[in-house]
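Heads up: the structure comes next, in structure tokens.
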There are 2 protein chains.
Amino acid sequence: KTPAPAPKDKVVLSYQQRSQSPGCHPLSKRIFDIMESKKSNLCISVDTETMEQALTLIEQTGPYVCMVKTHVDIWPDFTQDKVQMLTTLAEKHNFVLFEDRKFADIGNTVQLQCRAGVYRIASWADLVNAHALPGPGILTGLASCAQPADPSARLSGCLLLAQMSSEGTLARGDYTTQCKAMAAGSKDFVMGYICMERISDDPGHLHITPGVKLPPPDATSDGKASGGDGLGQQYNTPEVVIAEKGNDIIVVGRGIYQAADPVQEARRYQEAGWAAYQKKLQP
Amino acid sequence: KTPAPAPKDKVVLSYQQRSQSPGCHPLSKRIFDIMESKKSNLCISVDTETMEQALTLIEQTGPYVCMVKTHVDIWPDFTQDKVQMLTTLAEKHNFVLFEDRKFADIGNTVQLQCRAGVYRIASWADLVNAHALPGPGILTGLASCAQPADPSARLSGCLLLAQMSSEGTLARGDYTTQCKAMAAGSKDFVMGYICMERISDDPGHLHITPGVKLPPPDATSDGKASGGDGLGQQYNTPEVVIAEKGNDIIVVGRGIYQAADPVQEARRYQEAGWAAYQKKLQP
């Protein structure tokens with residue numbers, strides 16, 4: 001059902017070493033550098049009810065994350081003024097902005113969805129993601145809205161969704177293999193994958209993994225995340241995602257923004273993610 | 001590369017007959033009825049630069065279509081006031097509103113994207129579409145925003161993207177088969193497919209096909225649509241889509257909204273689509 005065991009570096013390289021690998025995407029290099037300097041491989045997903053709540057949460061948790069992942073289309077109070085506050089926070093706390101749009105249409109349409117509309121995603125997001133399902137035209141369309149094709153854009157990179165965390169996903173096996181082929185055809189734009197396990201042996205490629213949750217802080221930990229959300233989501237711990245499965249960045253949403261003390265939880269996930277990375281580096 | 005030849009009704013049923021088939025989704029029934037009464041199997045895709053332009057185009061072409069397909073997230077001037085104008089036009093000209101959102105995330109996220117945000121899609125769209133890629137949780141999430149689960153919603157149906165019109169799409173073969181299985185598990189919500197050929201022998205299921213284009217009105221017609229858009233889109237004629245491939249509704253975008261005379265072109269596509277349907281009905 002799942003692909004063959006993920007290829008592993010014989011010698012595990014540090015984020016710092018990987019940022020120096022030949023052909024590493026400039027934005028990936030920046031992310032590797034942020035991870036090393038902040039000691040964080042944590043991406044916070046801020047699916048709060050309002051954009052105002054998200055901005056407050058990002059102001060509080062910004063110091064502990066390397067990346068902030070948004071779904072701007074869930075916020076009723078979205079405005080371009082608040083986008084400016086978002087990019088100001090990104091500079092202040094030194095993280096990158098990842099709009100988790102999961103583009104999934106033909107090239108001509110995603111071009112319009114990414115550049116235009118109310119959101120103007122390409123003007124403020126550093127990276128977006130896309131499904132490989134429509135074929136390579138989706139990357140041609142999106143790349144036309146990004147640096148260097150569009151010098152006015154902030155957007156410069158894209159992640160392909162090679163696997164998903166949800167139950168019954170069809171993004172597996174041969175589909176995952178075809179994502180890799182599509183990424184190989186768009187090296188200047190595709191910087192890595194949304195995936196559940198390391199799928200590429202290119203040290204410059206980022207592997208970013210959603211569906212991450214720790215047991216509650218007061219639970220007797222057996223190191224396992226438990227359960228789902230009743231809508232198909234399945235959870236893993238930072239230890240499993242980073243040390244066992246060989247991914248690079250953990251994405252945590254409800255584990256932080258629904259916590260009684262989101263800042264404390266962000267620090268807990270930052271520490272757990274970094275400890276898993278340190279463990280992986282051990283020979 | 002493509003699935004086995006599509007199943008065909010031994011006796012081709014009329015739209016009217018199919019609206020009476022057991023288990024036919026109420027919204028599909030309504031669409032079949034509109035198609036018969038307006039003699040139109042044409043869905044116009046209004047990917048204009050602004051929502052204001054789209055409203056003008058819909059006012060002009062509304063009499064000739066059974067369905068209007070939108071990408072609301074490409075319009076910089078989107079407002080809920082204009083949505084009200086859109087639904088008013090839908091009543092006036094008797095068509096249904098299809099937001100071509102191509103939802104493609106986990107259940108919890110699509111629930112928020114469909115119900116909330118700036119767009120509040122579930123409050124005004126009659127139907128949406130979704131990729132099967134994330135697994136069945138995506139349908140659970142979307143159905144929770146729709147009639148009958150949410151009585152305040154206008155949304156009541158969903159199409160699964162079983163195939164796509166773009167070059168190199170991975171939505172084919174086994175993927176298409178799995179879409180059908182997922183649809184079977186959500187009969188009250190899934191009303192049919194976005195597809196390139198008839199894939200279901202359930203007479204209540206709608207087969208809606210994008211990427212439709214006629215040769216220019218002044219061309220010596222060989223009955224073939226030609227070329228693509230340079231971003232992977234591939235075109236077919238109404239004759240191929242309806243009569244040969246057994247689909248039900250043609251989706252036409254640039255062929256109409258980029259034409260010098262969009263109203264004349266809408267009528268030409270309406271006639272071509274209806275003629276192909278009449279041809280298919282011939283024993």
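Protein chains get the first letters and strands the later ones, always in sequence-line order, with residue 1 at the start of each. Every heavy atom of this structure was used, including side-chain atoms; hydrogens, water molecules and symmetry mates were not.
- Atom CG of B:Asp150 is surrounded by more than 12 heavy atoms from other residues, nucleotides or ligands within 6.0 Å.
- With chain A as the partner, the residue from B:Pro210, B:Cys114, B:Gly135, B:Ser165 showing the most heavy-atom pairs under 4.5 Å is B:Gly135.
- In this structure, no portion of A:Asp77 lies under 4.5 Å from any heavy atom of chain B.
- Between chain A and the options B:Ser144, B:Gly232, B:Ala171, B:Gly141, heavy-atom pairs under 4.5 Å are most frequent for B:Ala171.
- If you measure heavy-atom distances from A:Glu49 to chain B, you find no contacts under 4.5 Å at all.
- Heavy-atom neighbours of A:Gln258 CD from other residues, nucleotides or ligands within 6.0 Å: above the threshold of 12.
- What you find for B:Ser166 and A:Pro134 is that their closest heavy atoms are OG-O, 2.6 Å.
- The part of A:Asp229 that comes within reach of chain B is its side chain, from C-beta onward, which places non-hydrogen atoms under 4.5 angstrom from that chain.
- For B:Arg115, no part sits under 4.5 Å from any heavy atom of chain A, backbone or side chain.
- For A:Arg120, no part lies near chain B; criterion is any non-hydrogen pair under 4.5 Å.
- Across every non-hydrogen atom of A:Ala116 and B:Ile74, the tightest pair is CB-O, 3.7 Å.
- Interface check for chain A: of the options B:Gly107, B:Gly117, B:Gly137, the most heavy-atom pairs under 4.5 Å are formed by B:Gly117.
- For the options B:Thr169, B:Asp100, B:Val110, B:Asp174, heavy-atom pairs under 4.5 Å to chain A are most numerous at B:Thr169.
- Within the 6.0 Å centre-distance limit, the rings of A:Tyr119 and B:Tyr119 are counted as a close aromatic pair.
- Put simply, of B:Leu112, B:Val72, B:Asp73, B:Thr50, the one with the most heavy-atom pairs under 4.5 Å next to chain A is B:Asp73.
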*asked:* Using side-chain contact (heavy atoms from CB on, under 4.5 Å), reason through B:His71 and A:Thr109 one step at a time and then give a plain yes or no.
replied: CA-CA 8 Å; B:His71 288 120; A:Thr109 301; 3.3 Å; yes
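- Partner B:His131 forms a side-chain contact (heavy atoms from CB on, under 4.5 Å) with one of A:Leu170, A:Leu133, A:Asp105 and no other, that one being A:Leu133.
- Both the backbone and the side chain of A:Gln113 have a heavy atom closer than 4.5 Å to some heavy atom of chain B.
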*Check step by step if side-chain contact (heavy atoms from CB on, under 4.5 Å) holds for B:Leu231 and A:Gln111.*
CA-CA 10 Å; B:Leu231 289 171; A:Gln111 192 177 57; 3.9 Å; yes
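- Atom CD of B:Glu52 has 12 or fewer heavy atoms from other residues, nucleotides or ligands within 6.0 Å.
- Residues B:Lys102 and A:Ala104 share a closest heavy-atom pair of CD-O, 3.3 Å.
- Ranked by heavy-atom pairs shorter than 4.5 Å toward chain B, the options A:Ala132, A:Gly168, A:Gly230, A:Cys179 are led by A:Gly168.
- Per-residue heavy-atom pair counts under 4.5 Å with chain A were compared for B:Ile106, B:Thr140, B:Ile138, B:Asp47, and the maximum is reached by B:Ile106.
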